Amino acid sequence: MSSGHYDPQLSAVGNAPSPATEPVTQRIEGHAALVGDGMPINRVLPSRLRRLVGPWCFLDHIGPADIARVGPLRVAPHPHIGLQTVTWLTAGEILHRDSLGSLQTIRAGQLNVMTSGRAISHSEESPATAPAEIHGVQFWTVLPEAARFGEPTFDHYPLLPKIEREQLSITVISGEYQGQRSPARHFWPLVGLEINTGVVDTALSLDPAFEHALLVIDGEARVDGEPLLPNVMLYLGAGRAQIRLASEARCRIILIGGKPFEEEVLMWWNFVGRSREELTQACRDWNAGRGGFGEVHGYDGDRLIAPLPPWAAQPGV
Ligand code: MN
């Protein structure tokens, strides 16, 4: 996806508030927006209340939507630096093209991970044969300093490990959980799970060194007695060895977590960096066709133009 909906104030500040090193309960309400040519999403991260959960810096809940009604997903070619895009669908299909020449359809239950490294560009669209319903999530993870100037790569994972318990099915999207490790390539300690419940009241173990957050994307549940509401992320802080998950019906929950990210991060549009100058330069390079972003071939439409950040109007920045 592309962060077409951005907030200059939000982008201009650092990681604040700091990661909670102990258990907390914080509700972070997402906001509805449209990406591409009008796909409804709910953006949960970044938020004024919280910018990072471990290395997770961006979370769009895509749909659920009927593309026969809202139109197909069309996110034109756009660049990224300093991040990984992590795309996970529970329904529908997205065709990914990138400047490495990748052409990959992602379907429900599959994972795409694109590592921008120093520079990449991509597009995302509904393939002509896509089913009507689209539903999923797209995350970004911040690349740490040691990885952010590396080679751009794209990986597709058609099969991910699952943990099956009574009335509970957990897919390990990223990282490791209960001895099951996702094959996805990452550069900072993290976890990403899809948790599907039936009627359940059970304990889930967590790594107390990680901060965690949960987002229900279908149904309703409670975590340690706190209701999980659609499009409201529940941030839990760190220091929890387990949580109590209860649901009275089928429910689908996304859990993200990770070691608190230690570097100060700045975001603007589709770029994650460390300084205003770096982000301004990335905008100018992309718009001028420089910067090693490459070209996306085969997308039927023009590429996106990077909006210059407000600070770019100041001399010398
Ligand atoms: Mn993108």
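Just so you know, residue 1 is the first one in the sequence shown, and it goes up from there. In this text, all values refer to a predicted model and were calculated from it rather than measured experimentally. For ligands, and for the atoms within them, numbers begin at 1 and follow the listed sequence.
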*Asks:* At distances under 2.8 Å, what protein N, O or S atoms surround the Mn ion (ligand 1)?
*Replies:* Met1 O, His78 NE2, His80 NE2, His122 NE2
*Asks:* Mind jotting down which residue pairs meet the salt bridge (Lys or Arg N to Asp or Glu O under 4.0 Å) criterion with at least one end in residues 134-148? Sequence neighbours excluded, please.
*Replies:* Glu145-Arg148, Glu145-Arg274, Arg148-Glu278
*Asks:* Among residues two or more places apart or on two chains, list those pairs meeting salt bridge (Lys or Arg N to Asp or Glu O under 4.0 Å) that have a residue in residues 28-38.
*Replies:* Asp37-Arg74
*Asks:* Quick one: salt bridge (Lys or Arg N to Asp or Glu O under 4.0 Å) partners of Asp66, sequence neighbours excluded?
*Replies:* none
*Asks:* Without hydrogens or angle criteria, can the side chains of Trp188 and Thr141 be said to hold a donor-acceptor pair below 3.5 Å?
*Replies:* no
*Asks:* Could you check, using the six-membered ring where one of them is a Trp, whether His96 and Phe154 have ring centers closer than 6.0 angstrom?
*Replies:* yes
*Asks:* Check for me whether the distance between the ring centres of His78 and Trp286 falls short of 6.0 Å.
*Replies:* no
